[in-house]
Student: 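What follows is a structure written as structure tokens; I'll ask about it next.
Residue numbering restarts at 1 for every chain, and letters A, B, ... go by the order of the sequence lines. For clarity, every value in this text was computed on a predicted model and none was experimentally measured.
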Protein chains: 2
Amino acid sequence: MTTFFREKLQERGLKVTPQRVAIYEAIVKLNNHPTAENVIEYIKVNHPNISVGTVYKVLDSLVENELLKKVKTEKDIMRYDAVLSNHHHLYCAETDRIEDYEDEKLNKLINEYFIKNKIKNFNVTDIKLQITGKFKNNKK
Amino acid sequence: MTTFFREKLQERGLKVTPQRVAIYEAIVKLNNHPTAENVIEYIKVNHPNISVGTVYKVLDSLVENELLKKVKTEKDIMRYDAVLSNHHHLYCAETDRIEDYEDEKLNKLINEYFIKNKIKNFNVTDIKLQITGKFKNNKK
DNA sequence: TTCCGCAAAGATAATAATTCTTATTTAGTA
DNA sequence: TACTAAATAAGAATTATTATCTTTGCGGAA
Ligand SMILES: [Mn+2]
Ligand SMILES: [Mn+2]
Ligand SMILES: [Zn+2]
Ligand SMILES: [Zn+2]
């Protein structure tokens, strides 16, 4: 899992550093679209000296190099996602829980719709659904 | 236009104050999904003494009372929307411009899709498309 | 092997958006 | 008109994020 990431870093001409690896691993392991702070907390165990600024800087550059994605919420906190495939999000406003929603059939439906119904004056690069609601069995 | 808003405030048991009316008007007139700061700047002309905290508090309570909606972006700034009808957003990451995209046919398509394809363990209350891309003729 | 250049990390100050606190004012009501 | 809960103003505080500046450590040239 880490080798994939190391290779990706090298592809983009980014140095492979323990901090970068640790931050990426944290995002993957935490897997609930963590915040920068979640990452810091998680990492502190094995990297007690990591700097807050470094975490933000690494997150930014990983987003820029398309190894992570930003996830928007209603709140004033940015969250991050290691899942790069084209997927949507289920978002519960009450608990702030965000789950991935992958649905190839839906993607196809929407893409086909927009091929037939072009939006005038706008070049679409990405379409994402924000599905707001409430999880039923909060057994997690 | 202001009477609609006054009535809405009363319906919700909120006092009609000049600040609330002015803030609501600002959102409507600015109409490009303004930030709190945009609102403050706009309002300062006629309400030089309005307090920043008041603007944030009013915005919050109007959102809570469903007279405004929050609009998420990639940035660390919240934006607000007075258009309450179920619509989507065209978002240009370069210029931060956000335009409404209303499409009843699309809404129907998506609603029908989710009636046939229920998401398990999740009660949907709202589905919104974030359409990212670039505006063609930036004549605005 | 030493030295250099440089990207990255660490420490910490600064900033920007938002929230909180407290005293004062106001809108709605009796 | 007077009363009272609700709302506002002012400004401090907090939170998330960014910027600055210094230090570290690796890779390649001498
Ligand atoms: Mn901020
Ligand atoms: Mn903030
Ligand atoms: Zn995701
Ligand atoms: Zn809108």
Student: Is A:Gln19 close enough to C:dG10 that one of its side-chain N or O atoms is under 4.0 Å from OP1 or OP2 there?
Tutor: yes
Student: Tell me which residues in residues 38-50 of chain A lie within less than 4.0 Å of DNA chain C, going by non-hydrogen atoms.
Tutor: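 Heavy-atom cutoff 4.0 Å gives A:Asn49, A:Ile50.
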Student: Consider the side chain of A:Asp76, meaning its heavy atoms from C-beta on, and name the nucleotide among C:dA9, C:dT18, D:dT8 that approaches it most closely.
Tutor: C:dT18
Student: Of the candidate nucleotides C:dA17, D:dT8, C:dG28, which contains the atom at the shortest distance from the side chain of B:Ile77?
Tutor: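 Nearest listed nucleotide: C:dA17.
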Student: Please figure out whether B:Thr35 or B:Pro18 has its closest DNA chain C nucleotide nearer the 5' end.
Tutor: B:Thr35
Student: What's the closest nucleotide to the A:Lys15 side chain, out of D:dT8, C:dA8, C:dT18?
Tutor: C:dA8
Student: Side chain of B:Thr54 only, heavy atoms from C-beta on: which candidate in D:dA7, D:dT17, D:dT8 is closest?
Tutor: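 That would be D:dT8.
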Student: Side chains of residues 17-25 of chain A: which donor-acceptor pairs under 3.5 Å do they make with residues two or more places apart or in other chains?
Tutor:
| from | atom 1 | to | atom 2 | distance (Å) |
| --- | --- | --- | --- | --- |
| A:Thr17 | OG1 | A:Arg20 | N | 3.1 |
| A:Arg20 | NH1 | A:Lys15 | O | 2.9 |
| A:Glu25 | OE2 | A:Thr2 | OG1 | 3.1 |

Student: Indicate the atoms forming the closest heavy-atom contact of A:Ala26 with A:Val39, along with that distance.
Tutor: CB-CG1, 4.1 Å
Student: Start at the 5' end of DNA chain D and walk down; is the nucleotide closest to B:Val52 or to A:Met78 reached first?
Tutor: B:Val52
Student: Mind checking who shares a hydrophobic cluster with A:Ile77, ILVMFWY linked at side-chain heavy-atom distances under 4.5 Å?
Tutor: none
Student: As a test of reading the structure: which of C:dT19, C:dA8, C:dA27 is closest to the side chain of B:Asp60, going by heavy atoms?
Tutor: C:dT19
Student: Checking contacts here: which listed nucleotide (C:dA9, C:dA27, C:dA8) is nearest the side-chain heavy atoms of A:Leu14?
Tutor: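 My answer, after comparing the listed nucleotides, is C:dA8.
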Student: Please determine whether a side-chain nitrogen or oxygen atom of A:Tyr56 lies at a distance below 4.0 Å from atom OP1 or OP2 of D:dT17.
Tutor: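 Checking A:Tyr56 against D:dT17: at least one side-chain N or O falls below 4.0 Å of OP1 or OP2.
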Student: Is there a donor N/O on one and an acceptor N/O on the other, under 3.5 Å, for the side chain of A:Ser51 and the base of C:dA11?
Tutor: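 Looking at the base of C:dA11, it does pair with a donor or acceptor on the side chain of A:Ser51 (distance under 3.5 Å).
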Student: Decide yes or no on side chain to side chain contact (heavy atoms under 4.5 Å, CB included) for B:Ile119 and A:Asp103, but give the supporting numbers first.
Tutor: CA-CA 10 Å; B:Ile119 301 173; A:Asp103 188 336; over 6 Å; no
